[in-house]
Number of protein chains: 2
Amino acid sequence: MKKADLYATLRARILDLSLAPGGALEETALCETYGVSRTPLRETLQRLAGEGFVTLAANRGAAVSSMDLPVIRSLMQTAPMIYAAIARLAAENTTPAGINVLKSTQRSFRKAVEQADAGQMAIHNHRFHEAIGEMAASPYLMPSLKRLLIDHTRMSQRFYNARTRAEQKTIRSACDQHDAMIDAFVQRAPAHAVALTLDHWALSRDGIERFVAPPPLPLDPTQEIKDAV
Amino acid sequence: MKKADLYATLRARILDLSLAPGGALEETALCETYGVSRTPLRETLQRLAGEGFVTLAANRGAAVSSMDLPVIRSLMQTAPMIYAAIARLAAENTTPAGINVLKSTQRSFRKAVEQADAGQMAIHNHRFHEAIGEMAASPYLMPSLKRLLIDHTRMSQRFYNARTRAEQKTIRSACDQHDAMIDAFVQRAPAHAVALTLDHWALSRDGIERFVAPPPLPLDPTQEIKDAV
DNA sequence: GTACTGTTTTTTGTATACATCGTGTGTTCA
DNA sequence: TGAACACACGATGTATACAAAAAACAGTAC
């Protein structure tokens, strides 16, 4: 496997949680798995560390970046401001190329929604919001956006694994919001883009909150069985 | 030289412009200069790339991150929002340890101002604002703050090399503002901290603007000499 | 039984040799 | 004379061997 593929693979596996947050990353093990020597692997880890995917400790190796409670709190606090700022800039800096990327990514996202493929949904949603960031062309906001998206995507894995009909409806709403956002960009309407972005965030935030604080177990755990009988 | 020192040295030399923005960084040359082999050097470059100090191109080596006009525009646009958000969070999350770091850094900064040492001023000012970011404890804003500080510090190099009395007075004002900001943190006054931060930014922004758009040459370049005679 | 210490083993950090890629220069042919 | 191709050189990318540090373990003393 080549270095670029290695980078993409590790990145994807961190985003879809198949590499668990906080999990240790041993160099020799990863080398065997992906068929590269330690030099390029270590350089890839350094790069991933710079982007916030992994955390390095001197003489103690790498670990997948963790997602503890203070971090989630911080995400809730920061995300709306950054997402809104990015949306405004993107609407002001619309480019035909950028719009095309958004449209094709959105097509892939919608397909994943129709096929109920959680992993693909997460990836294409991630890419969609990253593409908005690229169109915003703000080198100083991009690093924070990318950091946010890493953890936002990881937390959304559960969100996309929708069980109930209500949850599935929520996902379709989110998908429609993407289309509305593209429209706002095409019309170069910053205020509208910001408003839609905040709605979109509200939807996502509710999903995360339901994951962090799920509905409590029934007081009588046997109730369901009794009902069935 | 050890890897940690190498990182610190390269970082400092980029910040104080002794490594010019856009300048190429050849691996073998750097190895000779700092007495390390290519493996740790390359890993250091990867790390610096992740933090925005250098830019890597595949098969084409590293270069110090450039500072062109679009980037400066973007800095002007982004800095107030991020600095203000960080100031607010820092005021809300004040810690004794954080305050101590700020106070000791500010002492070093003031000393540099008194000694008119531009390089030290830039370094300690950088550290001061980084320490505010650490106290804000916001993993998602920190990356953007660090990106901003890199270019803000580099652009300020000229600012700190004050020629006129007016400029020197401006620097002393900036130094006093630091003390006022520390007070606002100690009193846990977020709104006040934000207001002071925006004043501080305005001062710095004027300095940068004077550097980007310096006063035009006198229409008659010989005027000064004539006056002197 | 527990705590401490010395040794073993595993894991990370570094140096060096080799492979590969990009670039510049020189030659050849139209 | 100009353009295009081939070769050589220099730089980056990769593999491997060795050094150093940390962790795991066993043994002994208390």
Side-chain angles (χ1 to χ4, degrees), chain A residues 1-14 17-68 139 143 146 150, chain B residues 1-15 17-68 139 146 150:
Chain A
M1 181 179 281
K2 286 193 174 176
K3 193 168 155 185
D5 300 327
L6 174 71
Y7 167 78
T9 304
L10 286 176
R11 185 177 180 281
R13 292 198 59 194
I14 291 171
L17 295 175
S18 67
L19 288 173
L25 297 170
E26 285 180 32
E27 295 178 359
T28 44
L30 290 172
C31 287
E32 291 237 338
T33 307
Y34 298 111
V36 292
S37 86
R38 281 181 55 220
T39 309
L41 173 78
R42 283 172 60 87
E43 289 186 358
T44 301
L45 288 178
Q46 299 269 351
R47 182 175 165 195
L48 288 168
E51 296 173 357
F53 289 91
V54 309
T55 310
L56 297 178
N59 291 318
R60 205 164 299 188
V64 180
S65 292
S66 62
M67 269 200 308
D68 34 25
K146 286 192 170 177
I150 292 172
Chain B
M1 180 180 282
K2 286 193 174 176
K3 194 169 153 185
D5 300 327
L6 174 71
Y7 167 78
T9 305
L10 286 176
R11 184 177 179 281
R13 292 198 58 196
I14 291 171
L15 285 178
L17 295 175
S18 68
L19 288 173
L25 297 170
E26 285 180 32
E27 296 179 359
T28 44
L30 290 172
C31 287
E32 292 237 337
T33 307
Y34 298 111
V36 291
S37 88
R38 281 181 56 221
T39 309
L41 173 79
R42 282 172 60 88
E43 289 186 358
T44 301
L45 288 177
Q46 299 269 351
R47 181 174 166 195
L48 288 168
E51 296 172 358
F53 289 92
V54 311
T55 310
L56 297 178
N59 291 317
R60 204 166 299 188
V64 180
S65 291
S66 63
M67 272 200 307
D68 34 26
K146 285 193 171 177
I150 292 172

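Quick note on labels: first sequence line is chain A, next is B, and so on, each numbered from 1. Note that the structure is predicted; figures quoted are calculated from it, not measured.
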Spacing between B/Leu41 atom CG and C/dT14 atom P, to the nearest angstrom: 11 Å
Proximal nucleotide (of C/dT12, D/dT12, D/dT16) relative to the B/Glu27 side chain: D/dT12
N/O (side chain, A/Lys3) to phosphate O (OP1/OP2, D/dG13) under 4.0 Å: no
Most 5' of A/Lys2 and A/Arg38 on DNA chain C, judged by nearest nucleotide: A/Arg38
Rounded distance (Å) that lies between atom C1' of C/dT14 and atom OH of B/Tyr7: 20 Å
Closest heavy-atom pair and its distance - B/Ala20, B/Val64: O-CB, 3.3 Å
5' precedence on DNA chain D between B/Glu26 and A/Met1 (nearest-nucleotide basis): B/Glu26
Spacing between A/Leu25 atom CG and C/dT11 atom P, to the nearest angstrom: 13 Å
Nearest-angstrom distance from the residue atom CG of A/Leu6 to C1' of D/dT14: 13 Å
Exam field: side chain A/Ser65 to backbone A/Gly52, donor-acceptor pair closer than 3.5 Å: yes
Sugar-phosphate, base or nothing in reach of A/Arg60, heavy atoms under 4.0 Å: sugar-phosphate
Straight-line distance of A/Leu48 CG to B/Gln46 CD, nearest 0.5 Å: 10.0 Å
Pair B/Tyr7-B/Glu51, side-chain donor/acceptor within less than 3.5 Å: yes
Gap between atoms CG and C1', on A/Leu56 and C/dT12 respectively (whole Å): 11 Å
B/Arg42 CZ - D/dA15 P separation (whole Å): 12 Å
From D/dA17, D/dG13, C/dA15, nucleotide with atom closest to B/Ser37 side chain: C/dA15
First of A/Thr39 and A/Asn59 reached from the 5' end of DNA chain D, by closest nucleotide: A/Thr39
